[in-house]
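What follows is a single structure, written as structure tokens, with notes after it.
Only a predicted model underlies this, so the values are computations on that prediction, with no experimental measurement involved. By convention in this document, chain letters (A, B, ...) are assigned in the order of the sequence lines, proteins followed by strands, and residues within each chain are numbered from 1. Quick note: numbers below take in every heavy atom, side chains included, and nothing from hydrogens, waters or symmetry partners.
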There are 2 protein chains.
Amino acid sequence: MLLTELKATQLAELFSALSDASRVRIISLLIQGEMSVSALAEGLKMSESAVSHQLRGLRQMHIVRARKDGRQVFYSLEDEHVQKLYSMGLDHVEHG
Amino acid sequence: MLLTELKATQLAELFSALSDASRVRIISLLIQGEMSVSALAEGLKMSESAVSHQLRGLRQMHIVRARKDGRQVFYSLEDEHVQKLYSMGLDHVEHG
DNA sequence: ATAATATATGAACGCTTGCTCATATATTCA
DNA sequence: TGAATATATGAGCAAGCGTTCATATATTAT
């Protein structure tokens, strides 16, 4: 069926969330559970600023959610959709 | 589990295939069956050159395959993986 | 209040991307 | 052979992206 330009754009935006290695790695960590910005930065060996910028984008796409606790902010996946896309993609990359 | 940088990059490349509205629309047409470059260009109201450039990228990612017949080249999806990602993404975009 | 810590934000910069335009290659037809 | 058609390709350009660096904001501790 023919896609409207709007839906094509929305689909492209959704997949854009996973179209960068840094974001993929952020999501791979968040799949295991919520994590603070600095924990993500340390785990990924990225600057906290770079991580924060990426998280902002993911937040705006409603892919992650932020929970503030004291001066830390813990991020987690907003729903299971992206995780499903992630596993399906990983499966494709690993086997076949 | 922690992703290697290599796999994160491969995953990002895979999702990049669907991270642009033009490519999403190309794939939405190819899901219905193989199509020539000019038919794609007409259906999508894109220049044949733009379509051809995108098809080259998709070919290099092994997402589409080319079959030459006379002076036309018919493109089709190389396997069902991308189609599965596409439907899952579309599902997410359409019903929440 | 002041300092220290955690995160967010804006500007700037280099890199990539997707297009157009011109041109090249391949195939068919007259 | 020469013209017409279908696709591919390369250069160039504008827009977008991901980072760094400097700075701002919010929270906690002294």
Side-chain angles (χ1 to χ4, degrees), chain A residues 3 5 8-30 33-76 78, chain B residues 3 5-6 8-30 34-76 78:
Chain A
L3 274 190
E5 181 57 40
T9 300
Q10 291 175 328
L11 255 181
E13 278 169 4
L14 170 62
F15 287 111
S16 296
L18 289 154
S19 72
D20 171 78
S22 296
R23 283 191 298 276
V24 164
R25 289 164 74 230
I26 287 174
I27 288 168
S28 81
L29 286 183
L30 293 184
E34 72 173 12
M35 227 181 267
S36 72
V37 177
S38 46
L40 284 167
E42 193 192 345
L44 303 173
K45 303 216 168 73
M46 287 174 66
S47 78
E48 301 182 0
S49 177
V51 171
S52 184
H53 275 295
Q54 292 290 6
L55 287 170
R56 167 154 68 155
L58 293 172
R59 229 188 301 132
Q60 286 168 350
M61 298 189 228
H62 295 104
I63 285 174
V64 301
R65 151 192 357 183
R67 177 179 70 83
K68 192 166 187 178
D69 181 13
R71 48 191 149 185
Q72 302 193 81
V73 178
F74 291 91
Y75 280 85
S76 55
E78 219 184 276
Chain B
L3 275 189
E5 182 57 41
L6 172 64
T9 300
Q10 292 175 328
L11 255 182
E13 277 169 4
L14 170 63
F15 287 111
S16 296
L18 289 154
S19 72
D20 170 78
S22 296
R23 283 191 298 277
V24 164
R25 289 163 76 229
I26 287 174
I27 288 168
S28 82
L29 286 184
L30 293 183
E34 71 173 11
M35 227 181 268
S36 72
V37 177
S38 47
L40 284 167
E42 193 192 344
L44 303 174
K45 301 211 167 76
M46 288 175 64
S47 77
E48 301 183 0
S49 176
V51 171
S52 185
H53 275 296
Q54 292 292 7
L55 287 170
R56 168 155 68 156
L58 293 172
R59 230 188 301 133
Q60 285 167 351
M61 297 188 227
H62 294 102
I63 285 174
V64 301
R65 152 193 349 172
R67 176 180 71 82
K68 192 166 188 177
D69 181 14
R71 45 190 151 184
Q72 303 194 82
V73 177
F74 291 91
Y75 280 85
S76 56
E78 218 183 278

> What do the steps show when you test Asp20(B) against Gln54(B) for side chain to side chain contact (heavy atoms under 4.5 Å, CB included), and what is the final call?
Replying inline: CA-CA 10 Å; Asp20(B) 170 78; Gln54(B) 292 292 7; 3.8 Å; yes
> Where is the tightest heavy-atom contact between Met35(A) and Leu40(A), given as atom of each residue plus distance?
Replying inline: SD-CD2, 3.8 Å
> Counting only side-chain N and O atoms of Ser49(A), is one of them less than 4.0 Å from OP1 or OP2 of dT19(D)?
Replying inline: no
>> Angle between the end axes of the helix from dA1(C)-dT30(D) to dA30(C)-dT1(D), five pairs per end, to the nearest 10 degrees?
In response: 10°
> Should Leu14(B) and Gln10(B) count as side-chain neighbours, where that means a heavy-atom distance under 4.5 Å?
Replying inline: no
> For DNA chain C, which residues in residues 8-18 of chain B have a heavy atom at a distance below 4.0 Å?
Replying inline: none
>> Looking at every non-hydrogen atom in both residues, tell me the closest pair between Val24(A) and Leu18(A) and how far apart they are.
In response: CG2-O, 3.3 Å
> Does dA26(D) have OP1 or OP2 sitting under 4.0 Å from an N or O in the side chain of Lys68(A)?
Replying inline: no
> Want to settle it: does Arg23(A) or Gly70(A) sit nearer the 5' end of DNA chain D, counting the closest nucleotide to each?
Replying inline: Arg23(A)
> What residues, two or more places apart in sequence or in another chain, satisfy side chain to side chain donor-acceptor pair (under 3.5 Å) together with Ser36(B)?
Replying inline: Ser38(B)
> What closest approach, in Å, do Ala21(B) and Glu5(A) show between heavy atoms, and which atom pair accounts for it?
Replying inline: CB-OE2, 3.8 Å
> 5' to 3' on DNA chain C, which nucleotides open and close the contacts with chain B (atom under 4.0 Å from a heavy atom)?
Replying inline: dG18(C) to dC29(C)
> Are any side-chain N or O atoms of Ser28(A) and backbone N or O atoms of Arg25(A), one a donor and one an acceptor, separated by less than 3.5 Å?
Replying inline: yes
> When you measure from the side chain of Ser52(A) to the backbone N and O of Ser49(A), does any donor-acceptor pair fall under 3.5 Å?
Replying inline: no
> Relative to the 5' end of DNA chain D, which residue comes earlier, His53(B) or Asp69(A), by the nucleotide with the nearest heavy atom?
Replying inline: His53(B)
> Got a sec, which residues hit side-chain contact (heavy atoms from CB on, under 4.5 Å) with Glu78(A), two or more places apart in sequence or on another chain?
Replying inline: His62(A), Arg65(A)
>> For DNA chain D, which residues of residues 37-48 of chain B approach it to below 4.0 angstrom with any heavy atom?
In response: Val37(B), Ser38(B), Glu48(B)
>> So which atom in Ser16(A) and which in Ser19(B) form the shortest heavy-atom distance, rounded to 0.1 Å?
In response: OG-O, 3.4 Å
>> Show the nearest heavy-atom pair for residues Leu55(B) and Val64(B), with the distance to one decimal.
In response: O-CG2, 4.0 Å
> Base, sugar-phosphate, or nothing for Tyr75(B), non-hydrogen atoms under 4.0 angstrom?
Replying inline: sugar-phosphate
> Shortest non-hydrogen contact from Ala17(B) to Met61(B)?
Replying inline: CB-SD, 3.6 Å
>> Out of the candidates Arg67(A), Glu34(A), Arg59(A), only one should pair with Tyr75(A) under the side-chain hydrogen bond (donor to acceptor under 3.5 Å, both in side chains) rule; please name it.
In response: Arg59(A)
